[in-house]
Amino acid sequence: MSNIGEWFRLEYWLQFFSWDMFTSSLFINILDVLVVWFMIYKLIQLLRKTKALQLFKGVAVFVAIRFFSEIIGLHTLSWLMDQIIVYGVIAGIVIFQPEIRRGLEHLGRTTLLSSEKNKINQDEAMVTALDKALQYMSKRKIGALITIENNTSLEEYIETGIRLDADLSEELLINIFIPNTPLHDGAVIIRDGKIAVASAYLPLSDSLLIPKHFGTRHRAAVGIAEVTDSLTLIVSEETGEISIAHQNHLYSNLTSEEYVEMLNQNLIPEVKDPEKKNIFVTLWKEINRLTRGDR
């Protein structure tokens, strides 16, 4: 605590800036901080779609309380925060074991040198599979409801369905929604390019702006679009029309060109960011930017 008090003394800062700052140890320390910062950033990206992120936010609050209680001198509160942090982390690992396991599996499937082109090809293949499945079902008036997870987690809705964790293909999508089959009733939810579940239940919208001729599928699609940032595809079994619910809006009676364009815009964001490379290139660019003093 006496070291922290030194920060508020003018003599401390005069002495600090009088040192020879441009030494090799300084650059090593800067690199050390940048690497740790980048690892934390990637960890947050990895956990942002899971409930485990809420755990880390809670731990951050306890750490902040612990820090300020130590500064003020509240020793009992500081000791209590120490116990909560230590045992809370252990309890969190047990409680959020499925999310942590899923995140580690995702990390294991990710290669550090994977190129942007491979990611774009996977997204384009998903759009192609969706397009073929939608055209097939539209011509035959096979009702369908397909929700694609974005940044907001759909875990609570995934838990209501029948887990598949299957590779996405037009044949599997078509087979799921064939009438009078066990999985045709409900929604398919796609997560990370895979069919996570089928026959899932989505919240119905109470909006009075939805036209009366739209049925339960359209109301469910609008309902999930009202509470998440997901994108939902609907095929009407009465007319064969294809609609998309996204960002609290329902885009109905779309042509093939229109919905494919929307899918490309929302499912292939890497096209808008050609500078995105593997993590080594990204880290190197961040170091160069900071050493140049760019904002």
Side-chain angles (χ1 to χ4, degrees), residues 43-59 88-110 122 126 129-130 133 137 143-169 172-207 215-235 243-248 250 263 266-267:
L43 178 63
I44 293 175
Q45 276 194 327
L46 184 65
L47 298 176
R48 65 180 180 176
K49 294 183 179 181
T50 68
K51 295 179 181 178
L53 183 60
Q54 305 301 321
L55 171 66
F56 282 90
K57 290 181 179 178
V59 171
V89 171
I90 298 175
I93 293 175
V94 176
I95 295 172
F96 295 100
Q97 182 265 342
E99 285 80 5
I100 295 174
R101 182 183 63 187
R102 189 183 306 113
L104 292 175
E105 290 174 351
H106 177 75
L107 183 63
R109 292 194 300 266
T110 304
Q122 293 175 2
M126 178 169 64
L130 289 170
M137 292 185 288
L145 185 62
I146 304 171
T147 299
I148 304 170
E149 184 184 65
N150 198 359
N151 293 321
T152 306
S153 175
L154 299 178
E155 183 62 31
E156 62 177 300
Y157 306 107
I158 288 177
E159 292 174 354
T160 66
I162 299 175
R163 289 191 176 270
L164 297 179
D165 193 24
D167 292 333
L168 178 64
S169 67
L172 180 55
L173 283 174
I174 293 170
N175 192 67
I176 288 174
F177 289 109
I178 293 295
N180 301 322
T181 55
L183 300 179
H184 87 282
D185 190 19
V188 161
I189 297 180
I190 297 175
R191 165 185 278 177
D192 296 329
K194 286 180 170 288
I195 300 178
V197 296
S199 194
Y201 292 98
L202 303 181
L204 298 180
S205 173
D206 295 326
S207 175
T216 304
R217 282 192 179 91
H218 291 81
R219 287 199 169 272
V222 176
I224 194 68
E226 290 174 345
V227 296
T228 71
D229 61 351
S230 60
L231 183 146
T232 302
L233 302 160
I234 316 104
V235 179
S243 305
I244 288 181
H246 183 52
Q247 294 181 346
N248 205 17
L250 179 64
L263 290 174
N266 290 279
L267 303 183

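When the options L250, I234, L231 are evaluated for a side-chain contact (heavy atoms from CB on, under 4.5 Å) with I244, the one that passes is L231.
Between L202 and T160, the closest side-chain pair of non-hydrogen atoms is not below 4.5 Å. Within the 4.5 Å cutoff, side-chain heavy atoms of M126 are placed close to those of L267. In this structure, the side chains of L263 and L233 come closer than 4.5 Å at one or more pairs of heavy atoms. At a threshold of 4.5 Å between non-hydrogen side-chain atoms, the residues T181 and I176 do not count as touching.
In terms of modelled atom types and a separation under 3.5 Å, the side chain of D165 and the main chain of A196 share no donor-acceptor contact. Panel note: side chain E149, backbone I190; no donor-acceptor pair is recorded below 3.5 Å. N248 places no side-chain N or O within donor-acceptor distance of the main-chain N or O of A225, the cut-off being under 3.5 Å. No donor-acceptor distance shorter than 3.5 angstrom exists from the side chain of R191 to the backbone of S153, with no hydrogens or angles considered. A donor-acceptor pair is defined here as one N or O able to donate and one able to accept, closer than 3.5 Å; no such pair exists between the side chain of S230 and the backbone of N150. Remark: side-chain polar atoms of S205 are not paired, donor with acceptor, to backbone N or O of V222 under 3.5 angstrom.
For the residue pair V188 and F177, the shortest heavy atom distance occurs at CG2-CZ, 3.5 Å. Nearest approach of A129 to L168, heavy atoms of both residues: CB-CG, 4.5 Å. Shortest non-hydrogen contact noted between L173 and M137 is O-SD, 4.4 Å. S243 and H218 make their closest contact through OG-NE2, 3.7 Å (heavy atoms, listed as atom of the first residue, atom of the second, distance). Scanning all heavy atoms of the two residues, the minimum distance from E226 to S207 falls at OE2-CB, 3.9 Å. When all heavy atoms of Y201 and Y157 are compared, the pair lying nearest together is O-CD2, 3.7 Å.
A distance of 12.0 Å separates CD1 in I148 from CG in D192, rounded to the nearest 0.5 Å. For the atom pair CD1 (I224) and OG1 (T147), the distance works out to 6.0 Å, reported to the nearest 0.5 Å. The structure places CD1 of I146 at 9.5 Å from OG1 of T232, a figure rounded to the nearest 0.5 Å. With rounding to the nearest 0.5 Å, the separation of NE2 in H246 from CG in N266 is 4.0 Å.
For the residue pair T228 and T152, no side-chain donor N or O sits within less than 3.5 Å of a side-chain acceptor on the partner.
Partners of D167 according to the side-chain hydrogen bond (donor to acceptor under 3.5 Å, both in side chains) rule, which considers only residues two or more places apart in sequence or in another chain, are K194.
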